[in-house]
Amino acid sequence: MKQLIGLSGALLLLSGAVQAQIDNGDFETWSSGTPQGWTTIDSGIRLSQSSAFATTGNSSAQVEVLTGTQSNTDFRQSISVTAGVPIEVSVDLYHTEGNVKARLYVGTYQGYSNPALIGQWQTLSHSHTPSSSGSIEVGLRFYDESGFDGNEIVYVDNFRPRNDSTPVPGCSDTEATLALTTDGYGSETSWSLINAQDTELYSGNGYGNNEQVTETFCLADDDYRFTINDSYGDGLLGSAGYRIEIGGQVVVQGSQFTYSQSSSFTVGTGGGDNGGGDNGGATNLEAYYLSAEGLTGYPLKSELHNIIKGHSSQGYTALWQFYQANELDNYYENDGSILDIYSEKPASGDSVHFSAGQDQCGSYSREGDCYNREHSFPKSWFGGKVEPMNSDVHHIFATDGYVNAKRSNYPYGEVVSASYTSGNGSKLGTDASGRTLFEPIDEFKGDLARAYFYMATRYQDKIAGWESNTSNSDLVLDGSADRVFEPWLLALLKTWHLQDPVSQKERDRNQAAFDHQGNRNPFVDHPEFVEMIW
């Protein structure tokens, strides 16, 4: 039985709540010349269904603007929102003459479209965080520009986040089928399917308890990510679960997770998810990094930042579940124990073994007592328990709690004189310059170097301000957003990166991290990026 939670717990759950949804946001369903779900349509515009232009599905809304009186050109619908839960509303627009502009309405009037962009689609978006629960209106208003002749046509499509998962009739592409069985708390479950351009194509929520749901998708050749959410944070219980099939082959499946689980697959060439469950299968890396093609130096780093930013933070507690599924020794002793980089002995039997989920810290007084969550890039360097850095799994590893405490927030480096040595040879001490540093064993130096290159790239919009947070962050950071690291550490990280190449363990962890929070470490997928940037 689920326990009642207090106010603080409720506020935490709100961060994982499902966004409000817009009905008929792809304008596929019409009745008597009116798009279903759109309830406020003024007399100064005339709407009709168009199959000539569409960014999703088979149709869009053709809007004829008939007046320069802007207050008579609104069309909207009301959606439910939750206080403190952000909603990102966006819409695609196609101007034919450029003599009117559209203004997005999300509770209040927001930004304008660019009427000068004629004959091409553009996207108008706004992020809104409601201060109170209830309902708001979303939609558009049109404003005349110089040259308006009393009749301007604008095509509108793909209002999102959408609440329509009805398949497009007469699918000429690839049909995929989602089979979902909810648990006894069906209202907690929601899902979405997005393409490689991060456009949400299908979504669903508001289910009953123990309900069996079947949805059919029509998918063009592309890469896709399916994400399922549970607002309580305990996934699908019992025999509940989900799968997506294409041509009788399972490409996505799963059941147990916490707040969210994402899986990727490809339609057409390039491979995709082979039904690997929680690991989500392979990602089409060429498509993922396509926008960075041809770039080098810091422009490459900036574009990689754009690709991997905005990941879905799962929270600090969810790291335990990630470790239980993905931070296991399936590479050295192959015993399924927690793979702890501070106690693992690659060439011999380990003297420390941690059972996943059973030996979590807790208190400790010596090495081997328990394992915890090690911020390889210490959290004090970025200001403490600040999200999303505090729960970003790409730099947080399972380690012995006692050794983790010994490491503290000291930089990584090469120790000449050790004051402490762990069971696998990780050392705390001073280098030739007298700086206090922590040195991991050779087996994991490249892993940690690539985690640092990830941090420099993922948070390049923030990291320049972290230099003065502590004396140790000042020792390693140069206060810039491009090079990021002091010369001594940059040279060391590049050496570690070359001497300890990417392993299968890292590749598997990178895919698991992508399934967990929706972004990748580019320097694991493409080690050559390090030299191309730095």
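Judged by the 6.0 Å and 45° rule, Arg407 forms no cation-pi pair with Tyr342.
With Arg520 as reference, Gln511 is the one residue of Gln511, His394, His311 to meet the side chain to side chain donor-acceptor pair (under 3.5 Å) rule. Of the candidates Asp92, Asn114, Val91, Gln122 forms a side-chain contact (heavy atoms from CB on, under 4.5 Å) with just one, namely Asn114. With Asp447 as reference, Lys505 is the one residue of Lys505, Arg507, Arg509 to meet the salt bridge (charged side-chain N to carboxylate O under 4.0 Å, His left out) rule.
The aromatic rings of Phe453 and Phe523 sit tilted, their planes meeting at an angle between 30° and 60°. Taking the six-membered ring for Trp and thresholds of 30 and 60 degrees, Tyr288 and Phe514 have ring planes more than 60 degrees apart, a perpendicular arrangement. Taking the six-membered ring where tryptophan is involved, the planes of Tyr332 and Phe444 are perpendicular, since the angle between them exceeds 60° and thus also 30°.
Residues meeting the side chain to side chain donor-acceptor pair (under 3.5 Å) test with Ser90, sequence neighbours left out: Arg160. Phe322 pairs by the ring pair (Phe, Tyr, Trp, His ring centres under 6.0 Å) definition with His516, not counting sequence neighbours. For Asp478, the side chain to side chain donor-acceptor pair (under 3.5 Å) test picks out Ser480, Arg483, with sequence neighbours left out.
Side-chain contact between Thr266 and Asp223 is present, with heavy atoms from C-beta onward closer than 4.5 Å. With a 4.5 Å cut-off on side-chain heavy atoms, Ile244 and Tyr224 do not count as touching. Contact check for Val530 versus Lys494: side-chain heavy atoms found under the 4.5 Å cut-off. For the pair Ile341/Pro440, no side-chain contact is recorded, criterion being any heavy-atom separation below 4.5 Å from C-beta on. Within the 4.5 Å cutoff, the side chain of Leu193 has heavy atoms near those of the Phe226 side chain. Between Tyr459 and Val484 the shortest side-chain heavy-atom distance does not fall below 4.5 Å. Counting heavy atoms from C-beta outward, Phe377 and Trp466 have side chains that approach closer than 4.5 Å. Looking at heavy atoms from C-beta onward, Asn390 lies in side-chain contact with His375 at the 4.5 angstrom threshold.
Heavy atoms only, all atoms of each residue included: Ala356 and Gln324 are closest at CB-CA, 4.0 Å. For the residue pair Asp500 and Gly446, the shortest heavy atom distance occurs at OD2-N, 2.8 Å. Nearest heavy atom pair, residue Thr189 against residue Leu180, reads CG2-CD2, 4.3 Å. In plain terms, the two heavy atoms of Ser291 and Glu303 that are nearest each other are OG-OE2, 2.7 Å. In terms of heavy atoms, Trp320 sits closest to Cys361 at CZ2-O, 3.9 Å. Annotation for Leu477 and Glu467: closest pair O-OE2, 3.1 Å, computed over non-hydrogen atoms.
Of the charged side-chain nitrogens involved, none lies within less than 4.0 Å of a carboxylate oxygen, so that Lys309 and Asp461 do not count as a salt-bridged pair. We find that Asp442 and Lys445 are joined by a salt bridge, their nearest charged nitrogen and carboxylate oxygen being less than 4.0 Å apart.
At least one donor-acceptor pair under 3.5 Å links the side chain of Tyr371 to the backbone N or O of Gly357. Put simply, the side chain of Glu374 never gets that close to the backbone of Thr399: no donor and acceptor are under 3.5 Å apart. The backbone N or O of Ile308 sits nowhere less than 3.5 Å from a side-chain atom of Asn306 that would complete a donor-acceptor pair. Side-chain N or O atoms of Asn205 include none that pairs as donor or acceptor with a backbone N or O of Ser190 at under 3.5 Å. The backbone N or O of His395 sits less than 3.5 Å from a side-chain atom of Ser376, completing a donor-acceptor pair. In this structure, Asn521 contributes its side chain and Asn510 its backbone to no donor-acceptor pair below 3.5 Å. Between the side chain of Asp474 and the backbone N or O of Ser468, no donor-acceptor pair lies under 3.5 Å. A distance-only check finds a donor-acceptor pair linking the side chain of Lys301 to the backbone of Ala481 [under 3.5 Å].
Tyr412 and Tyr452 have their aromatic ring centers within a separation under 6.0 angstrom. Aromatic pair Phe217/Trp191: ring centres closer than 6.0 Å. Checked against the 6.0 Å centroid criterion, the rings of Tyr289 and His526 qualify as a close aromatic pair.
Once rounded to the nearest 0.5 Å, the distance linking CD1 of Ile338 with CG of Asn372 reads 11.0 Å. Put simply, CD on Gln517 and CG on Leu319 are 8.5 Å apart, with the number rounded to the nearest 0.5 Å. To the nearest 0.5 Å, the span separating CG on Leu437 from CG on Leu475 amounts to 7.0 Å. Atom-to-atom distance recorded for His126:NE2 and Tyr105:OH is 11.5 Å, nearest 0.5 angstrom. The CH2 atom of Trp534 sits 12.0 Å away from the CE atom of Met532 when rounded to the nearest 0.5 Å. Ile396 contributes atom CD1, which lies 8.5 Å from atom CZ of Arg373 (distance to the nearest 0.5 angstrom).
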Given side chain to side chain contact (heavy atoms under 4.5 Å, CB included), test Leu178 with Tyr202 step by step and report yes or no. CA-CA 11 Å; Leu178 166 67; Tyr202 300 94; over 6 Å; no

Verdict with reasoning, Tyr242 to Thr181, per side chain to side chain contact (heavy atoms under 4.5 Å, CB included): CA-CA 6 Å; Tyr242 64 91; Thr181 301; over 6 Å; no

Test ring pair (Phe, Tyr, Trp, His ring centres under 6.0 Å) applied to Phe529 and His497, step by step: CA-CA 11 Å; Phe529 283 166; His497 168 67; over 10 Å; no

CA sep, side-chain torsions, deciding dist, call: Asn409, Ser380, side-chain hydrogen bond (donor to acceptor under 3.5 Å, both in side chains): CA-CA 7 Å; Asn409 74 340; Ser380 61; 3.0 Å; yes

Can you check side chain to side chain contact (heavy atoms under 4.5 Å, CB included) on Tyr454 and Asp392, steps first, answer last? CA-CA 11 Å; Tyr454 166 87; Asp392 191 332; 2.7 Å; yes

Would Ser391 and Glu387 count as a side-chain hydrogen bond (donor to acceptor under 3.5 Å, both in side chains) if you check the C-alpha gap in whole Å, the side-chain angles of each, and the deciding distance to 0.1 Å? CA-CA 7 Å; Ser391 62; Glu387 293 295 340; 2.5 Å; yes

Using the rule given for side chain to side chain contact (heavy atoms under 4.5 Å, CB included), can you reason through Leu93 versus Val156, listing the C-alpha separation, both sets of side-chain angles and the distance that settles it, and then say yes or no? CA-CA 5 Å; Leu93 298 144; Val156 179; 3.7 Å; yes

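The 12-atom threshold is exceeded at CD of Glu528, counting heavy atoms of other residues, nucleotides or ligands nearer than 6.0 Å.
At a cut-off of 3.5 Å, with distance as the only test, no side-chain donor of Asp234 or Tyr185 sits close to an acceptor on the other residue.
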